[in-house]
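Remember, it's 1-based here, ligands and their atoms both numbered in the order they're listed.
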Amino acid sequence: MQSISPSLERFTSRKLAGLEKRQLRRRLQESNNSAGMQVERDGRTYVNFCSNDYLGLANDPEVIRAAQQAAAKYGAGSGASRLVTGGHHLLFELERRLAALKGSEDCIVFGSGYLANLAIAPALLGAGDLVLVDELAHACIHAGAELSRAEIRKFRHNDLADAREILTAERADYRHAMIMTDGVFSMDGDFAPLPELLALAEEFEAWTLVDDAHAVGVVGEGKGSSAHFSPAAMPPLQMGTLSKALGSYGGYLCASRNVCELLRTRARPLVFTTALPPASIAAALAALDIVERDAERRERPLTLARRFCAAAGLPAPASPIVPVLLGSESRALKASMALQDEGFLVTAIRPPTVPRGTARLRITFSATHVEADIDRLAQCVRVILEETSETA
Ligand SMILES: *Cc1c(COP(=O)(O)O)cnc(C)c1O
């Protein structure tokens, strides 16, 4: 029999009731994904427009086969941390491939993108250092900054003048400084101004970390946000995930040999956690093969996003992530339900994932979507926006 603590029950039930009242309670639902961006929920099949599987590689036969073969040959789990006996040869191969893709000296693969961000800042910064974080950067960037024990300053989203002001006023009071940002922002789909940000970092001797979770595989010829710019804007710390466009699971940091070597010794989320299972590593390697050879597939998510925005009357998108801002939590939830009635799955994104007052639909496009669904979704979103502006 499970033991129940009355005070713990009182605390959690009160918390839940409060969240419910503010329409901020989240519920986990069974969602079974299959090829072609189909997702089954409650016995009904929807077209998934909120997946980060931008290239449809999670259900690609070649990627699945690679995972199956690796599991059959090497087992289901890796059995230990990489510093003990979890250092599979496929993992080293994956790191060489990612470093080559990104044009960096070295690369480390982590258990997930979230773990990578919990690892990097705390291994490189400490008390007496300064870290500047874009206010809209992903939650795990903020979490990594907090774990590092450096002083944290948030700068306004993509606002170089604000970042400069902070550095001008405070940089001299600290030993090291780091600027942290998403390359492509996860909830807005816009790019960080990397060339200008890197110039600013250089001027103030700050290290720049760019999170390419939504960029690798889909922008800059699959190389990520740095290659989106011409000439390429190469930050010294480029992290990302294997779990989105690459269709598998895991995270990585591409950086210099010295940075990677230091992290191999010092990064707690690498040292004290079990290495990725062989199937995930093999799947990511197979996905990289496809990304590198199939330009049409890489470009299709953005092509579809453009088609959608044109048809829905929205501004042209920069990436395959299209936010449809609706403001209140209830409006976003209602819009999501309306789309669900039409057979589209687009979850409502609410605070604290996005700032208060900017609840939205976040629509993501994948290479395996079909045009007819894009066009029908655009019509539905058009109707939602018209209704919203009437009641606003
Ligand atoms: C999803 C995401 C992560 C986390 O990556 P996982 O591999 O899913 O843990 C990190 N940063 C950004 C910007 C993300 O969107």
Side-chain angles (χ1 to χ4, degrees), residues 26 28 31 33 48 50-55 57-58 91 94-95 98 102 107-122 131 133-147 154 157-158 178-192 194 197 208-220 224-226 228 235 237-254 267 269-270 273-277 279-281 283-284 287-288 301 318-323 347 349 352-355 360 362-366:
R26 298 162 186 234
L28 305 183
S31 308
N33 293 292
N48 190 351
C50 49
S51 168
N52 298 316
D53 182 13
Y54 297 110
L55 301 176
L57 293 178
L91 207 39
L94 178 58
E95 290 175 340
L98 288 165
K102 291 283 193 175
C107 170
I108 315 178
V109 167
F110 293 89
S112 72
Y114 199 108
L115 283 177
N117 272 333
L118 293 190
I120 300 163
V131 52
V133 188
D134 186 290
E135 62 182 346
L136 296 188
H138 192 263
C140 62
I141 294 191
H142 291 281
E146 262 159 44
L147 264 185
K154 286 186 195 175
H157 176 52
N158 278 351
M178 190 185 282
I179 301 177
M180 299 167 95
T181 183
D182 288 16
V184 169
F185 283 83
S186 56
M187 296 298 138
D188 295 82
D190 54 339
F191 279 80
L194 290 188
L197 207 59
T208 308
L209 174 118
V210 173
D211 180 332
D212 251 357
H214 297 277
V216 76
V218 276
V219 307
S225 57
S226 52
H228 169 76
L237 302 162
Q238 300 189 65
M239 67 74 58
T241 179
L242 310 173
S243 327
K244 287 169 182 162
L246 298 176
S248 179
Y249 195 69
Y252 65 85
L253 170 69
C254 285
L270 178 79
T273 194
T274 303
L276 278 181
S280 303
I281 307 166
L288 278 175
S319 75
I321 301 170
V322 175
T347 40
I349 308 283
T353 309
V354 291
R360 66 193 68 186
R362 169 184 179 267
I363 306 180
T364 52
F365 295 88
S366 170

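Contact annotation: the side chain of V216 never approaches that of Y54 to less than 4.5 Å [non-hydrogen atoms, C-beta and beyond].
Qualifying side chain to side chain contact (heavy atoms under 4.5 Å, CB included) partners for A145, counting only residues two or more places apart in sequence or in other chains: V131, V133, I152, M180. Among residues two or more places apart in sequence or in another chain, the salt bridge (charged side-chain N to carboxylate O under 4.0 Å, His left out) test is passed with K244 by none. By the side chain to side chain contact (heavy atoms under 4.5 Å, CB included) test, A215 is found to be paired with V184, D212, V219, S225, residues two or more places apart in sequence or in another chain being considered.
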Inset, instruction - Determine, stepwise, if the pair Y114 / H138 fulfils side-chain hydrogen bond (donor to acceptor under 3.5 Å, both in side chains). - result: CA-CA 9 Å; Y114 199 108; H138 192 263; over 6 Å; no
Kindly print each ligand 1 N/O atom paired with any protein N/O atom under 3.5 angstrom away, one pair per line, or none if nothing qualifies.
from, atom 1, to, atom 2, distance (Å)
ligand 1, 7 (O), G113, N, 2.8
ligand 1, 7 (O), T241, OG1, 2.6
ligand 1, 7 (O), S243, OG, 3.0
ligand 1, 9 (O), G113, N, 3.2
ligand 1, 9 (O), Y114, N, 2.9
ligand 1, 11 (N), D211, OD1, 3.4
ligand 1, 11 (N), D211, OD2, 2.6
ligand 1, 15 (O), H214, NE2, 2.5
ligand 1, 15 (O), K244, NZ, 2.6

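A donor-acceptor contact under 3.5 angstrom links the side chains of D190 and H157, judged on distance only.
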